[in-house]
A.B. asks: 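For reference, the structure I am asking about is given below.
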Amino acid sequence: MRPLDRRFLVGVAIVSAILLVLGLVAVDRPLAEWVRASGVENAPAIVWLQNAIETIVGRHVSRWLFGCVALAIGIVVFSIRRDAGIGRVLILSALVQLATTVVMLAGKDGFGRLRPNEVLAHGDWSHAWFAGGVSFPSGHLAFFAGFFVPFAAGIRNAWLRAAVLGLPIFIAIARIDVSAHFLSDVAASTLLAALLSLLAAALAARVFPRAAAR
């Protein structure tokens, strides 16, 4: 493990921003309609795997549990071995996840976007925003991207990094497949996670060296 790779995080932020804009401008509605019409909606394998992953990480219990446990482990590891990068990366990843979740919850209340299945049910696409919905941004991606994007940024091995990043990518696909989120919903949370990770990396560059010296 190493300090968070800022170039990687910038790349994730750029890709997420592009997908966010594409979703809002052109892709959200046709993609949601295609998922509904194509027969791939609620694919059993995707639903099962998503539920299995959520059970393993404890999200069914609480959206705060995984981040708090990771933070506690990171603090213990860092206090024992301050030269071990894993403790620092766990702390930063947990803090980013918790911060992303807080901002996500505020965004849901502010934007009030309906979920794809809700809009598809009534067919009125002109009243999808500020309608009391909770679709934008995605809570699942705030949870998974919030932790695993900064965690991936702390991994040296490219294949292992890709495997870790594959988890939030799968969750994003799954949430679109079950018509719970639009493309822009999942992209917004991933962008938020990447930006907060960059902030955490900048702060850690100042805080952790002083802590190690002490």
Side-chain angles (χ1 to χ4, degrees), residues 1-20 53-54 56-59 61-79 82 84-110 136-158 160-172 175 181 184-212:
M1 306 297 285
R2 61 180 177 181
L4 303 190
D5 186 340
R6 300 189 196 185
R7 295 178 66 179
F8 168 77
L9 293 172
V10 169
V12 173
I14 291 173
V15 172
S16 300
I18 292 172
L19 292 176
L20 171 60
I53 292 171
E54 290 189 55
I56 292 171
V57 300
R59 194 179 186 278
V61 178
S62 169
R63 61 164 50 97
W64 308 103
L65 177 63
F66 185 83
C68 290
V69 171
L71 179 60
I73 294 173
I75 291 173
V76 171
V77 172
F78 184 74
S79 64
R82 297 196 173 188
I86 182 63
R88 179 174 59 249
V89 172
L90 279 174
I91 292 171
L92 294 177
S93 299
L95 291 175
V96 168
Q97 186 206 50
L98 296 172
T100 304
T101 299
V102 170
V103 178
M104 172 274 299
L105 291 172
K108 282 184 180 292
D109 292 336
F136 184 92
S138 167
H140 277 73
L141 266 295
F143 181 96
F144 286 97
F147 184 86
F148 290 103
V149 165
F151 192 79
I155 296 175
R156 292 180 180 273
N157 184 278
L160 183 56
R161 173 182 286 182
V164 170
L165 195 60
L167 184 56
I169 291 175
F170 167 77
I171 295 297
R175 299 305 288 165
H181 284 294
S184 59
D185 298 338
V186 297
S189 288
T190 306
L191 173 60
L192 178 61
L195 294 176
L196 289 174
S197 297
L198 284 167
L199 176 60
L203 294 175
R206 294 175 176 271
V207 174
F208 281 112
R210 289 202 296 269

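Positions are given from 1 along the sequence. If you're wondering where the values come from, they're calculated on a predicted model, not measured in any experiment.
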A.B. asks: Test side-chain contact (heavy atoms from CB on, under 4.5 Å) on Asp185 and Arg175; report intermediate values, then the result.
C.D. replies: CA-CA 10 Å; Asp185 298 338; Arg175 299 305 288 165; over 6 Å; no
A.B. asks: Is there a side-chain contact between Leu90 and Phe78 (heavy atoms, below 4.5 Å)?
C.D. replies: no
A.B. asks: Hey, could you give me the CG/SG distance between Leu98 and Cys68, rounded to the nearest 0.5 Å?
C.D. replies: 5.5 Å
A.B. asks: Between Phe170 and Leu165, is a side-chain contact (heavy atoms from CB on, under 4.5 Å) present by the stated rule, with each step listed?
C.D. replies: CA-CA 9 Å; Phe170 167 77; Leu165 195 60; over 6 Å; no
A.B. asks: Indicate the atoms forming the closest heavy-atom contact of Leu195 with Ala13, along with that distance.
C.D. replies: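 Looks like CD2-CB, 4.4 Å.
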A.B. asks: Can you list the steps and then say if Leu20 with Ser16 is a side-chain contact (heavy atoms from CB on, under 4.5 Å)?
C.D. replies: CA-CA 6 Å; Leu20 171 60; Ser16 300; over 6 Å; no
A.B. asks: Test Leu196 against Gln97 for side-chain contact (heavy atoms from CB on, under 4.5 Å), laying out the working first.
C.D. replies: CA-CA 9 Å; Leu196 289 174; Gln97 186 206 50; over 6 Å; no
A.B. asks: When you measure from the side chain of Ser189 to the backbone of Val186, do you find a donor-acceptor pair of N or O atoms at a distance under 3.5 Å?
C.D. replies: no
A.B. asks: Which atom names give the shortest non-hydrogen contact between Ala193 and Thr100, and what distance separates them?
C.D. replies: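 Here Ala193 and Thr100 meet closest at CA-OG1, 3.8 Å.
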A.B. asks: Could you check whether Arg59 makes a cation-pi contact with Phe143, meaning its NZ or CZ is under 6.0 Å from the centre of the six-membered ring and within 45° of the ring axis?
C.D. replies: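 Judged by the rule (NZ or CZ under 6.0 Å from the ring centre, within 45° of its axis), Arg59 counts as positioned above Phe143.
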A.B. asks: Could you tell me if the side chain of Leu167 sits less than 4.5 Å from the side chain of Phe144, heavy atoms only?
C.D. replies: yes
A.B. asks: Counting C-beta onward and ignoring hydrogens, is there a side-chain heavy-atom pair between Met104 and His140 closer than 4.5 Å?
C.D. replies: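 No. Closest side-chain heavy atoms not under 4.5 Å.
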A.B. asks: Please report the closest heavy-atom contact between Val12 and Ala194, naming both atoms and the distance.
C.D. replies: CG1-CB, 4.0 Å
A.B. asks: Shortest non-hydrogen contact from Pro137 to His181?
C.D. replies: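 What the structure gives for the nearest pair is O-CE1, 4.4 Å.
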A.B. asks: How long is the straight-line distance from CH2 of Trp64 back to CG of Leu71, given to the nearest 0.5 Å?
C.D. replies: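 If we round to the nearest 0.5 Å, Leu71:CG and Trp64:CH2 are 12.5 Å apart.
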A.B. asks: Nearest 0.5 Å please: distance from the CD1 atom of Ile73 over to the CD1 atom of Ile91.
C.D. replies: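 The distance works out to 11.5 Å.
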A.B. asks: Taking only residues two or more places apart in sequence, or in another chain, which ones meet Phe147 in a ring-ring contact (aromatic ring centres under 6.0 Å, His included)?
C.D. replies: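 For Phe147 the ring-ring contact (aromatic ring centres under 6.0 Å, His included) partners, ignoring immediate neighbours, are Phe66, Phe151.
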A.B. asks: Rounded at 0.5 Å granularity, tell me how far CG in Leu141 sits from CG in Leu191.
C.D. replies: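 Answer for the CG-CG pair, Leu141 versus Leu191, is 11.5 Å.
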A.B. asks: Could you pull out the closest heavy-atom pair between Leu9 and Pro150, with the gap in Å?
C.D. replies: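 Minimum heavy-atom separation between Leu9 and Pro150: CD2-CA, 4.5 Å.
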A.B. asks: Is a salt bridge present between Asp5 and Arg161, judged by a nitrogen-to-oxygen distance below 4.0 Å?
C.D. replies: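 A salt bridge links Asp5 with Arg161.
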A.B. asks: Return the minimal non-hydrogen interatomic distance between Leu4 and Ala201, and the atom names on each side.
C.D. replies: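 For Leu4 versus Ala201, the nearest heavy atoms are CB-CB, 3.9 Å.
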